[in-house]
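Note sheet for the following structure.
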Amino acid sequence: MKADMTDTRKTTLHLQGEEQQPLIAIDDFWPDPDALREDAASLRMAPIGPHYPGVRAEVPPRLAETMRRRIAPLLAEHFGLDPAPAVSEAYYSLVTTAPADLAPIQRLPHFDGVEPGRIAVLLFLGHGEQGGTAFYRQRTTGFESVDESRLGRFRAELQSSVQTHGMPEASYIAGDTPLYERIGVQPARFNRALIYAGNTLHCAYLPPEVVLSSDPLAGRLTLNLFLFDD
């Protein structure tokens, strides 16, 4: 897949919550986003792992590497990662799970890993109302991110809070809960990319207006890069 790499992007830095974790939003990220949509529609998408509430297909490695190189200067500037970490996983992702069918783990904010050099890149490729991505603080600890030193306490407090308040009912998390406080929402927009540390607590924001379709050209389609050097 070829693309004109003329840079017309608009880049905005957000410092979120009390921890002031950097999040970069890039509008008009990819020169030909419709080609990405067509690529996704040509692939067989299937469930991958227990966490994602939908189906996925692997992104071609050359495309993923081109995107990694495109954001490398931002990772050096705002995350102190130079050289940029390698692509560990890359997917087209399509939310298809109805709220009533969500597994317990899919009803809670999550983090991608505790390593400091882990980066998530999320590119919105759907049209119409797409919701966005929300970020959270664990109420009992105040944690907005989870590194290795925090992991044990985070898990213990989560278990205790679930015992006290119960698991959330089957729905996509939409705001504050007894367990978590929402600290920010980054709205989805066609061809907008979000870049953030993988150890931040986050979750898809999916209000009822978002269409959950199994058709990549009609549903909530994203491209997800996960960067990490083993």
For a quick test of your reading: what N or O donor-acceptor pairs under 3.5 Å do the side chains of residues 208-215 make, sequence neighbours left out?
| from | atom 1 | to | atom 2 | distance (Å) |
| --- | --- | --- | --- | --- |
| Ser213 | OG | Asp215 | N | 3.0 |
| Asp215 | OD1 | Leu217 | N | 2.9 |

With a cut-off of 3.5 Å and sequence neighbours excluded, list every side-chain donor-acceptor pair involving residues 219-227.
| from | atom 1 | to | atom 2 | distance (Å) |
| --- | --- | --- | --- | --- |
| Arg220 | NE | Gln130 | O | 2.8 |
| Arg220 | NH2 | Gly132 | O | 2.8 |
| Thr222 | OG1 | Asn224 | OD1 | 2.9 |
| Asn224 | OD1 | Ser93 | OG | 2.8 |

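Other residues, nucleotides and ligands contribute at most 12 non-hydrogen atoms within 6.0 Å of the CD atom of Glu58. The local environment of CZ in Arg69 is sparse, with at most 12 non-hydrogen atoms from other residues, nucleotides or ligands closer than 6.0 Å.
Using a distance-only test at 3.5 Å, with no hydrogens or angles considered, no donor-acceptor pair links the side chain of Arg56 to the main chain of Ala46. Judged purely by atom type and a 3.5 angstrom limit, Glu157 has no side-chain atom pairing as donor or acceptor with the backbone of Phe154. Within the 3.5 Å criterion, the main-chain N or O of Asp39 finds a donor-acceptor partner in the side chain of Ser42. No donor-acceptor pair closer than 3.5 Å links the side chain of Arg150 to the backbone N or O of Phe143. A side-chain donor-acceptor contact under 3.5 Å links Thr97 to the backbone of Pro53. The backbone N or O of Gln21 lies less than 3.5 Å from no partner atom in the side chain of Gln16, so there is not a single donor-acceptor pair.
Test Leu123, Ile195, Leu194 against Phe29 for side chain to side chain contact (heavy atoms under 4.5 Å, CB included) and you get one pass: Leu123.
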Open item on the list: Checking Thr200 against Phe111 for the side-chain contact (heavy atoms from CB on, under 4.5 Å) test, could you report, in this order, the C-alpha distance in whole Å, the side-chain angles of both residues, the deciding distance, and whether it holds?
Closed with: CA-CA 6 Å; Thr200 54; Phe111 53 91; over 6 Å; no
Open item on the list: What verdict does the side-chain contact (heavy atoms from CB on, under 4.5 Å) test give for Leu36 and Tyr92, after you've listed the backbone C-alpha separation in whole Å, the side-chain angles of each residue and the deciding distance to 0.1 Å?
Closed with: CA-CA 9 Å; Leu36 300 179; Tyr92 292 113; 3.8 Å; yes
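You'll find the side chain of Leu206 stays beyond 4.5 Å of the side chain of Ile173, heavy atoms only. Put simply, the side chain of His202 reaches to within 4.5 Å of the side chain of His110, judged on heavy atoms. Using a 4.5 Å heavy-atom threshold, the side chains of His78 and Ile24 count as touching. Looking only at side-chain heavy atoms (C-beta outward), Asn199 and Pro116 stay at 4.5 Å or farther from each other. Side-chain contact between Leu108 and Met167 is present, with at least one heavy-atom pair separated by less than 4.5 Å. Pro178 is not listed as a side-chain neighbour of Arg139, based on a closest heavy-atom distance of 4.5 Å or more. With a 4.5 Å cut-off on side-chain heavy atoms, Leu179 and Tyr136 do not count as touching. At a threshold of 4.5 Å between non-hydrogen side-chain atoms, the residues Glu18 and Glu144 count as touching.
Cluster annotation: Ile71 and Val87 are assigned to the same hydrophobic cluster (Ile/Leu/Val/Met/Phe/Trp/Tyr, side-chain heavy-atom contacts under 4.5 Å, transitive).
Scanning for side-chain contact (heavy atoms from CB on, under 4.5 Å) contacts around Asp34 gives Asp32, Arg37, His127, Phe190, with sequence neighbours left out. Judged as a side-chain contact (heavy atoms from CB on, under 4.5 Å), and not counting sequence neighbours, the contacts of Gln20 are Leu15.
Interatomic distance, Arg68 CZ to Leu63 CG, rounded to the nearest 0.5 Å: 13.0 Å. Between the NE2 atom of His51 and the CD1 atom of Ile48 there is a distance of 13.5 Å, given to the nearest 0.5 Å.
Annotation: side chain to side chain donor-acceptor pair (under 3.5 Å) contacts involving residues 171-198, sequence neighbours excluded, comprise Asp27-Arg189, Asp27-Arg192, Arg137-Glu181.
When hydrophobic residues (I, L, V, M, F, W, Y) are linked wherever their side-chain heavy atoms come within less than 4.5 Å, the members clustered with Val185 are Tyr205.
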